[in-house]
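Here the structure is laid out as structure tokens; the discussion comes afterwards.
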2 protein chains.
Amino acid sequence: MVQAPSRRDRVRAATTQEIIQTARRLLVQQGPDAVSLRAIAREMGMTAPALYRYFGSHEELLRHVVADIFTELASYVRAAIHDAAAGAAGLREAEVMAVKMIAGCRGFRAWTLEHVPEFSMIFGSPLPGLEVLREVHRDPTVDCGYQFGRVFLDLFGDLYRRRPFPIPADDDIDPALAAQLARYRELTGSDLPLGALQTFLRCWVLLYGTVSLEAFGHMRFALDDPAPMFELMLADLAPMIGLPYPLPERSG
Amino acid sequence: MVQAPSRRDRVRAATTQEIIQTARRLLVQQGPDAVSLRAIAREMGMTAPALYRYFGSHEELLRHVVADIFTELASYVRAAIHDAAAGAAGLREAEVMAVKMIAGCRGFRAWTLEHVPEFSMIFGSPLPGLEVLREVHRDPTVDCGYQFGRVFLDLFGDLYRRRPFPIPADDDIDPALAAQLARYRELTGSDLPLGALQTFLRCWVLLYGTVSLEAFGHMRFALDDPAPMFELMLADLAPMIGLPYPLPERSG
DNA sequence: CGCTTTGATTAACGCCGTTAATTGATTACG
DNA sequence: CGTAATCAATTAACGGCGTTAATCAAAGCG
């Protein structure tokens with residue numbers, strides 16, 4: 001049986017949240033190097049060691065910040081999908097699904113470009129010493145990362161069930177990959193065929209590559225404004241999942 | 001008229017190179033946080049302020065490290081392409097080109113996986129305050145980045161001239177993109193049509209996305225070993241540039 | 001009331017980038 | 001040759017960092 005949280009625990013949780021939000025504000029306003037224990041404490045009218053009541057280390061605090069960012073990104077993308085679906089009432093089902101998928105991808109990009117420091121924190125080079133922890137402690141980062149992945153996976157599954165598109169047969173999938181896809185399917189409790197999961201991951205590679213190149217500025221060697229490349233990517237992505245693209249748009 | 005470098009200048013350049021190599025060794029052996037002026041100096045039997053004779057700041061030193069890494073990566077990929085070409089003597093021209101292109105991509109991935117810290121440094125989230133400098137100081141980072149890009153661009157151009165593949169006509173390219181592609185073509189002195197450059201950048205997005213997802217571990221939410229995804233990406237990439245894939249391989 | 005727990009403090013350690021002042025060696029040249 | 005200038009390095013110091021230990025005041029509670 002789970003105990004109801006005491007008043008002190010609630011205060012504690014609230015303070016924890018304040019710390020995370022302060023850290024995010026520093027991240028956004030002054031860059032990643034400004035997210036120091038001392039700066040956060042200063043900002044909150046405390047001293048640095050006080051934060052050790054809430055987090056075991058600077059790195060643990062950062063992992064909670066990452067988790068918070070993942071959660072916000074997930075709800076942002078969910079909202080973008082939801083809004084697009086509302087705006088697409090009356091269209092045929094295939095088109096509604098296309099609108100939702102495109103909106104999810106565009107939402108991901110829009111959030112990223114508005115939150116480059118946060119994006120860097122969750123999708124850039126991993127914090128040193130993070131990977132080892134993946135399986136050890138229950139890391140909030142991992143759970144929230146999964147939660148974000150689920151937004152796209154659910155949408156993708158919805159699309160596949162309503163409007164199945166061509167996917168490779170199990171026998172056409174590299175056995176080494178198929179085994180891992182099966183594990184992933186089990187992990188997520190999905191009921192999609194392996195081929196659909198493979199296509200899902202190919203889409204994720206496309207989306208992540210395009211958006212992170214743009215966010216990190218690694219396309220500036222050629223382009224000042226990589227926005228058209230994103231649309232090109234969508235044009236590549238849509239036929240992979242049986243969607244019409246470009247859509248009949250109602251607004252630019 | 002350019003003066004011959006004096007003995008002192010040569011010593012200076014040699015020391016500069018030693019510093020950069022020491023920094024890289026620290027990066028590889030002890031991670032990005034270990035690349036501090038003090039640690040580098042310690043490693044070289046000096047004190048930290050001495051390094052200011054060679055670099056104006058810690059960040060400037062890091063930019064030179066980045067440039068050095070770019071240069072090494074470029075020559076690694078060039079060598080991989082060269083070796084593959086040597087091994088493909090006797091095949092038909094289309095197949096030779098395919099072998100070279102695939103070897104370049106595989107070389108890029110292989111180097112990355114063997115040099116994850118270095119890859120993170122040059123292709124991860126940009127160092128804070130870097131982007132503003134792009135146009136101001138002559139930054140070695142930028143030049144060496146271009147030099148790396150040229151490896152693939154040259155190979156790509158070679159391929160297109162020998163075995164033209166379908167590309168979009170100029171009129172089918174988003175005007176906003178076409179203008180930038182024209183600028184890029186001018187910058188690089190290339191003679192490729194805009195459509196080929198567009199295809200080139202789409203390939204770069206695919207390659208970068210796949211490799212960086214793998215290097216940064218952002219695919220571990222689904223796959224322990226993303227290697228099969230790389231081969232899938234190659235299978236997507238090859239038809240974009242008119243190459244047969246999979247190739248008749250001589251060794252796994 | 002007294003004891004414990006809680007949440008904070010201050011002081012300190014060793015690290016960092018950076019600057020200023022200084023020192024020793026080497027070079028340049030009158 | 002001898003002296004002045006230059007160069008490459010040093011030491012000392014500043015402020016900031018993460019982290020730890022010792023301390024302290026208030027709250028909770030028997």
Side-chain angles (χ1 to χ4, degrees), chain A residues 3-20 22-27 29-66 117 121 127-130 133 137, chain B residues 3-20 22-27 29-66 117 121 127-130 133 137:
Chain A
Q3 289 229 353
S6 74
R7 183 189 157 278
R8 258 203 337 285
D9 282 349
R10 272 184 286 112
V11 168
R12 210 187 154 78
T15 310
T16 297
Q17 210 48 39
E18 279 177 42
I19 296 171
I20 293 173
T22 305
R24 280 194 62 176
R25 211 182 59 241
L26 283 170
L27 172 66
Q29 295 177 346
Q30 303 178 222
D33 291 347
V35 190
S36 68
L37 283 180
R38 289 182 133 106
I40 297 168
R42 212 180 299 130
E43 205 79 2
M44 299 183 68
M46 305 166 117
T47 58
L51 298 179
Y52 282 82
R53 294 273 154 197
Y54 302 90
F55 300 98
S57 69
H58 182 237
E59 197 204 319
E60 184 185 323
L61 193 163
L62 290 188
R63 284 208 305 275
H64 282 262
V65 172
V66 167
M121 182 151 241
L127 306 179
L130 186 92
L133 296 176
H137 290 104
Chain B
Q3 290 229 354
S6 74
R7 184 189 156 279
R8 257 205 337 285
D9 282 348
R10 271 186 286 113
V11 169
R12 210 187 153 77
T15 309
T16 297
Q17 210 48 40
E18 280 177 41
I19 296 171
I20 293 173
T22 305
R24 279 194 63 174
R25 211 182 59 241
L26 283 170
L27 172 66
Q29 294 177 347
Q30 302 177 222
D33 291 347
V35 190
S36 67
L37 284 180
R38 289 182 133 107
I40 297 168
R42 212 180 299 130
E43 204 80 0
M44 300 182 69
M46 306 165 117
T47 58
L51 299 179
Y52 282 83
R53 293 272 154 198
Y54 302 90
F55 301 97
S57 69
H58 182 238
E59 197 204 318
E60 184 185 322
L61 193 163
L62 290 188
R63 284 208 305 274
H64 282 263
V65 171
V66 167
M121 182 150 242
L127 306 179
L130 186 91
L133 296 175
H137 291 105

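These numbers come from a predicted model, not from an experiment. Worth knowing before you read on, the calculation uses all heavy atoms, side chains too, and leaves out hydrogens, waters and symmetry mates. First the proteins, then the strands, lettered A, B, ... as listed; each starts at 1.
- Taking atom NE2 on A:His58 and atom P on C:dC16, their separation rounds to 17 Å, with Å as the unit.
- Going from atom CE of A:Met46 over to atom P of C:dT10 covers 13 Å, rounded to whole Å.
- A close approach under 4.0 Å does occur between a side-chain nitrogen or oxygen of A:Tyr54 and OP1 or OP2 of C:dA8.
- Whole-Å rounding puts the B:Leu37 CG to D:dT10 P distance at 13 Å.
- Contact annotation: B:Tyr52 reaches the phosphate of C:dT18 (side-chain N/O to OP1 or OP2, under 4.0 Å).
- Closest approach to the A:Pro49 side chain among D:dG18, C:dA8, C:dA11 is made by C:dA11 (side chain taken as heavy atoms from C-beta onward).
- Look at B:Arg38 and you won't find any side-chain N or O under 4.0 angstrom from OP1 or OP2 of D:dC17.
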Subject >> Candidate pair B:Phe55 and B:Thr16, rule side-chain contact (heavy atoms from CB on, under 4.5 Å), full reasoning >> reply: CA-CA 8 Å; B:Phe55 301 97; B:Thr16 297; 3.5 Å; yes
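- Contact annotation: B:Thr47 reaches the phosphate of D:dT10 (side-chain N/O to OP1 or OP2, under 4.0 Å).
- Remark: C1' of D:dG18 and CG of A:Asp33 are 14 Å apart, rounded to the nearest angstrom.
- Each of A:Ala39 and A:Gly56 has a nearest nucleotide on DNA chain D; the 5'-most of these lies closest to A:Ala39.
- Comparing D:dA21, D:dG18, D:dA8 against the side chain of B:Arg53 picks out D:dA8 as the nearest.
- Comparing D:dG18, C:dG7, C:dT18 against the side chain of B:Ser57 picks out C:dT18 as the nearest.
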Original post:
Should A:Val35 and A:Val65 be marked as a side-chain contact (heavy atoms from CB on, under 4.5 Å) after you check the CA-CA gap, both sets of side-chain angles, and the distance that decides it?
Top reply: CA-CA 10 Å; A:Val35 190; A:Val65 172; 5.6 Å; no
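- Listed here is the closest heavy atom pair of B:Ala34 and B:Ala39: O-CB, 3.4 Å.
- Contact annotation: B:Arg42 side-chain N/O to C:dC16 OP1/OP2 distance is under 4.0 Å.
- Rounded to whole Å, the distance from CD1 on B:Ile19 to P on D:dA8 is 11 Å.
- Computed from coordinates, the A:Phe55 CZ to D:dT19 C1' distance equals 16 Å when rounded to whole Å.
- For C:dG7, the OP1/OP2 oxygens have a side-chain nitrogen or oxygen of A:Arg12 closer than 4.0 Å.
- With A:Ile40 as the partner, the side chain to side chain contact (heavy atoms under 4.5 Å, CB included) test is satisfied by one option alone out of A:Glu43, A:Arg38, A:Met44: A:Met44.
- Note: A:Arg25 CZ to A:Glu18 CD = 10.5 Å, rounded to the nearest 0.5 Å.
- If you take CG of B:Leu51 and P of D:dA9, they are 9 Å apart, rounded to a whole angstrom.
- Along DNA chain D, the nucleotide nearest to A:Ser36 and the one nearest to B:Ala48 differ in position, and the one closer to the 5' end is contacted by B:Ala48.
- Distance CD1 (A:Ile40) to C1' (D:dG18): 12 Å, rounded to an integer number of Å.
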